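Since the structure comes first, as structure tokens, the remarks are kept for the end.
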Protein chains: 2
Amino acid sequence: MSATHPDGTGDASGTEGDAALDPRQLGAYFVLTEAVSLLQHQVEQQLQAEGDLSYVQFQLLARLAHAPGHLTMTQLADGVVYSRSGLTYQAGLLEKAGLITRSPSPDDERATLVTITDGGRALVARLLPGHVQVTRRMLFDPLSDDDLHHLGDIMTRVRDHMRAQPPRSAAPRKRRPKPPAPPPA
Amino acid sequence: MSATHPDGTGDASGTEGDAALDPRQLGAYFVLTEAVSLLQHQVEQQLQAEGDLSYVQFQLLARLAHAPGHLTMTQLADGVVYSRSGLTYQAGLLEKAGLITRSPSPDDERATLVTITDGGRALVARLLPGHVQVTRRMLFDPLSDDDLHHLGDIMTRVRDHMRAQPPRSAAPRKRRPKPPAPPPA
DNA sequence: TATTGTTATACTCTATAACTATA
DNA sequence: TATAGTTATAGAGTATAACAATA
């Protein structure tokens, strides 16, 4: 976190070739993220309080509960974004809690099949009403049927658009290469 | 979280006393959180790559940049949700990076006034175009003017509704009380 | 006594790289 | 060689509680 070149040149405004967001877009963006952040916070509170689960853990369980059969680790990770090791960590916790089981796949010996247990299903079932209640109270109470329709429609298009986006080479700088330190002795 | 279908277990539906979400609401909710999660991830990547800032840090700086004068720690924390100590931690990082300064308030000797430095403003200015570009590419490209209007309107109402919500006593269980261990000897 | 902010500490989570084993 | 998953480890972030200073 370095304030690289703090040269005070006001280069924020649209002189860069790429058009900037207009105020309405910026406003919509800010209010969207703010609202979702508030919602997420409440949801996390509820899941933690009633089920001792983090949001990610709930997502993983819900995903498994909705899936037809088993999922491999990779399939399970897909869409929950983070690294393999992160999933291994969470799966370890969930397995220790008796909410899922892991077993080798018969099709591909490298793969691990993840299965939700009855306990896992029960927990999801137990948490879902409260989850839904929070969501409704926070998100849907102020919305009309028409709003709901619009919101679902809009965000579906946005989501599909996002999913279709290529990984985008536009990541200009890699974190920091960090030369490998020579091993001692 | 595939937005689409509700769920096979059926235990979400209204047998609990409180009305459950209907499939369309559930779908809208899932797709909303999924889309925002994807967006946030991209935004975080960009801020990290181009400015070595976390999203929270950027939010804090942006908040300061927009504020008329100084903000106290408490004012700054408000809306970014987390604990005082968390803010102190982040403020420490930002101050060390020369992006903000902290000074005692003349009005209230207990309070600390946070001020964004020129370097901080410059950094925000430098990051904003890319930030905006990611946001536009991910969020606004697939949206019409009409969509944008609806989205802003809807989420503003949602946000206001959320902000107006009382802290809600409905937090049934506190984390875990954990009895204080008696100090040894 | 209540409030503002800091500190100390413990814990959770995520990411990177090295590793094993299968394909 | 590439892929699936795990492990080790390090780092960032957050929360809790105890604390000091001020209102």
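Residue numbers begin at 1 in each chain, while the letters A, B, ... track the order of the sequences. Nothing here was measured: the structure is a model prediction, and the numbers come from that model.
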Residues in ring-ring contact (aromatic ring centres under 6.0 Å, His included) contact with A:H150, at least two apart in sequence or another chain: B:H150

Applying ring-ring contact (aromatic ring centres under 6.0 Å, His included), can you list everything that pairs with B:F58, at least two apart in sequence or on another chain? B:H131

For nucleotides 2-9 of chain D, 5' to 3', base contacts (B), sugar-phosphate-only contacts (S) and non-contacts (-) with protein non-hydrogen atoms under 4.0 Å give BBSBBBB-

Salt bridge (charged side-chain N to carboxylate O under 4.0 Å, His left out) contacts touching residues 139-148 of chain A (sequence neighbours left out): A:D147-B:R157

Whole-Å gap separating P (D:dA12) and CG (B:L60): 17 Å

Would you say that B:T112 contacts B:T72 through its side chain, given a criterion of any heavy-atom pair below 4.5 Å between the two side chains? no

Grab the CD-C1' distance between B:Q57 and D:dA12 for me, whole Å please. 9 Å

When rounded to whole Å, the OH to C1' distance for the pair B:Y55 and C:dC13 reads 20 Å

Taking CD from B:E109 and P from D:dA23, how many angstroms apart are they, rounded to a whole number? 5 Å

5' priority, DNA chain C, between A:Q90 and A:P106 [closest heavy atom]: A:Q90

Just the rounded figure in Å: distance from C1' of C:dT14 to CG of A:L93. 13 Å

Once side-chain contact (heavy atoms from CB on, under 4.5 Å) is applied, do any residues pair with A:A28, and if so which ones, sequence neighbours excluded? B:F140, B:L148

Given atom CD of A:Q48 and atom P of D:dT16, what is their separation to the nearest angstrom? 10 Å

Atom pair distance, as rounded to whole Å: CZ in A:F58 and P in C:dT12: 21 Å

Determine the contact category for A:S54: base if any of its heavy atoms lies under 4.0 Å from a base atom, sugar-phosphate if only primed atoms, P, OP1 or OP2 are that close, otherwise nothing. sugar-phosphate

Using whole Å, report how far CG of B:L76 lies from P of C:dT6. 11 Å

Joining Ile, Leu, Val, Met, Phe, Trp and Tyr whenever any side-chain heavy atoms lie under 4.5 Å apart, the cluster holding A:L93 also takes in A:Y89

